[in-house]
K.L.:
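Structure in structure tokens, see below.
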There are 2 protein chains.
Amino acid sequence: MATIKDVAKLAGVAISTASYALNNSAKISAATRKKVEEAARSLNYQKNGFASDLKRTKTKTIVLILSDLSGPYYSELIKGVQEVTAANGYDLIACSSIGGQQSTAVKFLKEKRADGVVVLAHNITDEVILDSARPDFPIVVLDRNLQHDHVIQVEVDNTEGARMATNYLLDRGMKEIAYISGPNNSHDNERRLSGYREALEKRNVPFSSRLKISGDFTRDSGYFSTKMLIAQQNLPDAVFFANDEMAIGGLQAFAEKGISVPDDISVIGFDDIQLSEHVSPPLTTIRQPKYEAGALAVHLIFQVLAGEKVEDHYNLSTELIERSSVKDHSHSR
Amino acid sequence: MATIKDVAKLAGVAISTASYALNNSAKISAATRKKVEEAARSLNYQKNGFASDLKRTKTKTIVLILSDLSGPYYSELIKGVQEVTAANGYDLIACSSIGGQQSTAVKFLKEKRADGVVVLAHNITDEVILDSARPDFPIVVLDRNLQHDHVIQVEVDNTEGARMATNYLLDRGMKEIAYISGPNNSHDNERRLSGYREALEKRNVPFSSRLKISGDFTRDSGYFSTKMLIAQQNLPDAVFFANDEMAIGGLQAFAEKGISVPDDISVIGFDDIQLSEHVSPPLTTIRQPKYEAGALAVHLIFQVLAGEKVEDHYNLSTELIERSSVKDHSHSR
DNA sequence: AGTTTATGGCGACGATAAAAGATGTGGCAA
DNA sequence: TTGCCACATCTTTTATCGTCGCCATAAACT
């Protein structure tokens with residue numbers, strides 16, 4: 001592979017001149033620049049990015065850490081991250097945190113292989129993040145609660161959303177509301193569950209662990225959890241699925257058993273993914289401002305990189321999207 | 001940020017000693033190693049990955065180029081890529097090709113910021129790939145036809161799969177078979193379309209452009225294309241959707257209009273995504289060996305990196321998965 | 001002669017690794 | 001027992017990796 005040295009030699013100039021020419025410095029004459037560019041072209045020269053990064057100490061890259069590259073995730077959120085990153089002329093790369101301490105994600109974090117990081121991966125430990133956080137290395141976490149000088153938290157108000165969903169069902173006369181949860185180690189799930197429980201408590205509806213079934217945020221798990229719920233007999237009045245994917249799986253399980261939603265049972269989801277409005281019946285759900293969360297995360301990174309002060313915690317609020325998967329059983333109207 | 005120099009100074013040893021100690025070289029005494037490790041810990045030392053990569057000239061990283069990080073893609077395929085990469089102790093990062101020549105993907109390719117690349121991004125031009133290919137830099141393309149000494153092609157036999165699907169419908173007595181296509185610039189789509197046309201031609205069934213509707217591989221586009229098809233009246237006997245996502249959107253559109261699949265119309269998809277067997281009715285489709293394709297791609301990269309010779313073209317075959325979305329109208333049984 | 005404009009020299013950046021240097025140990029002959 | 005060398009073990013010296021950018025310098029203009 002040709003290096004800048006070869007280019008300089010072929011062009012008959014000093015290395016520094018070649019470097020300037022190739023980096024479009026103003027102080028190189030047009031003639032020299034052309035000579036250098038031609039030499040570069042004829043040698044098929046490509047700069048060594050690592051050498052350049054090393055020298056410049058900047059990478060112009062933001063890393064997005066996901067728990068699993070192949071997994072489903074919030075595409076809206078990623079879009080937010082992607083667009084703001086691109087708008088600032090930075091590169092975005094994604095890496096996975098599969099593999100624990102040996103994962104690519106941990107390496108990127110610890111070795112500071114980017115100028116900023118957005119974390120959306122519950123399987124990255126808090127410790128790794130705290131270890132990596134430094135004044136000049138902004139890290140935004142979207143999936144956890146973490147206090148640290150150089151870690152910024154952007155969070156959707158899951159508790160409030162879950163409370164809203166539960167109250168909505170309660171308001172419509174539901175007595176028994178099941179909760180199909182996400183994975184136990186998920187911070188989002190934990191917050192949603194507590195919103196659900198708080199809402200029940202406030203209305204003096206007892207929480208029954210029979211009505212809490214563990215899923216893992218996948219459609220399949222929603223499907224199977226719902227089958228389990230059906231198998232238990234005594235269907236509740238409504239089911240609050242910790243996310244839409246699971247709710248859609250649940251809808252299918254109900255359909256297969258000939259249980260009508262919302263006539264026989266009401267269903268509410270969480271997230272408002274694209275599909276939710278197309279599903280049958282259209283799913284009532286809690287919308288999360290996912291695009292905004294992603295965009296804000298990166299926006300904050302650039303603020304920090306520009307030396308501006310930012311808050312260390314942002315809370316984005318949710319919104320209830322009323323569609324047709326919940327029936328009103330209340331007598332109040 | 002502390003460098004290895006600081007660590008060496010604090011530990012009272014030479015820089016190289018510190019380097020050896022931190023890299024677990026056998027020639028460092030236990031006592032010295034401990035001293036160095038302690039110094040490193042107390043300084044919160046993290047090595048500079050770029051410097052290290054520069055010196056080693058290896059990155060132990062494979063890059064996966066996707067057309068859009070936020071877009072839907074073959075998660076099975078990515079799983080294959082991911083697992084084989086990890087099994088070889090390499091890192092995997094994903095980047096997007098949004099942004100054309102300025103995209104992160106192009107930068108990774110041209111600057112050789114990884115040891116190998118897997119391309120699954122129709123919006124990367126052939127030219128960029130050809131430009132970047134070098135003997136020591138294996139590039140595997142999964143989404144195009146490209147002849148070059150250092151580019152390896154792994155392809156699923158789309159034409160054969162589409163032919164199989166079409167024949168399957170023809171064999172069951174279908175006379176009119178609509179084709180809902182993927183985007184025009186997609187190589188996969190193009191191959192599938194030609195398989196469909198070849199099969200029709202062989203049986204002397206005329207191809208009618210009325211029966212070809214353009215989608216873009218998304219569920220929504222399947223949904224809307226199907227609505228268009230329904231609006232045209234004169235429903236065909238069957239619809240061949242260029243992928244399952246669209247077929248699922250189509251199923252929904254049919255369901256909403258009270259058109260029964262497969263009684264009123266038969267549906268066949270392509271891909272065999274996870275959801276396909278859970279949908280109602282379970283979708284008959286062409287299974288693509290996606291996991292295998294991804295795994296093979298990376299496997300080949302490692303073969304090349306190990307200096308072994310590999311073919312420059314691999315063709316993986318498809319399989320028809322018979323479920324319940326196609327009815328048999330043939331009188332032959 | 002003093003300023004502008006182009007270009008070259010050279011030392012970083014941070015880490016690695018080959019090769020050379022510094023210890024210390026044991027073996028063996030006198 | 002002593003002395004000396006050979007050799008193993010550990011550590012330091014030194015040279016890179018490829019690029020960038022400060023500073024110096026020389027030529028060309030005012």
K.L.:
S186(A) vs D188(A), test: side-chain hydrogen bond (donor to acceptor under 3.5 Å, both in side chains). Steps then yes/no.
P.N.:
CA-CA 5 Å; S186(A) 150; D188(A) 283 356; 5.2 Å; no
K.L.:
Any donor and acceptor pair, going by atom type alone, linking the side chain of Q46(A) with main-chain N or O of K112(B) inside 3.5 Å?
P.N.:
no
K.L.:
Does one side chain, of S97(B) or N123(B), offer a donor that lies under 3.5 Å from an acceptor on the other?
P.N.:
yes
K.L.:
I need the L69(B) CG to L64(A) CG distance, nearest 0.5 Å.
P.N.:
7.0 Å
K.L.:
Under a 4.0 Å threshold between the charged nitrogen and the carboxylate oxygen, would R113(A) count as salt-bridged to D91(B)?
P.N.:
no
K.L.:
Say whether, by atom type as modelled, one donor and one acceptor occur between the side chain of N88(A) and the main chain of Y90(A) under 3.5 angstrom.
P.N.:
no
K.L.:
Inspect the surroundings of NZ in K9(B) and state if more than 12 heavy atoms from other residues, nucleotides or ligands are less than 6.0 Å away.
P.N.:
no
K.L.:
Could you tell me if S25(B) and N23(B) have a donor-acceptor pair between their side chains, going purely by distance under 3.5 Å?
P.N.:
no
K.L.:
What is the per-nucleotide protein-contact pattern of nucleotides 10-22 of chain D, from the 5' end, where B denotes a base atom under 4.0 Å from a protein heavy atom, S denotes such proximity for sugar-phosphate atoms only, and - denotes neither?
P.N.:
SBBB--BBBBBBB
K.L.:
Between the axis at one end of the helix from dA1(C)-dT30(D) to dA30(C)-dT1(D) and the axis at the other (five pairs apiece), what's the angle to 10 degrees?
P.N.:
60°
K.L.:
Tell me, please, the opening and closing nucleotides of DNA chain C, 5' to 3', among those with an atom under 4.0 angstrom from a non-hydrogen atom of chain B.
P.N.:
dC13(C) to dA18(C)
K.L.:
Kindly check if the number of other-residue, nucleotide or ligand heavy atoms within 6.0 Å of CD (E127(B)) is above 12?
P.N.:
no
K.L.:
Would the distance check show the side chain of D115(A) and the main-chain N or O of K58(A) forming a donor-acceptor pair, the cut-off being under 3.5 Å?
P.N.:
no
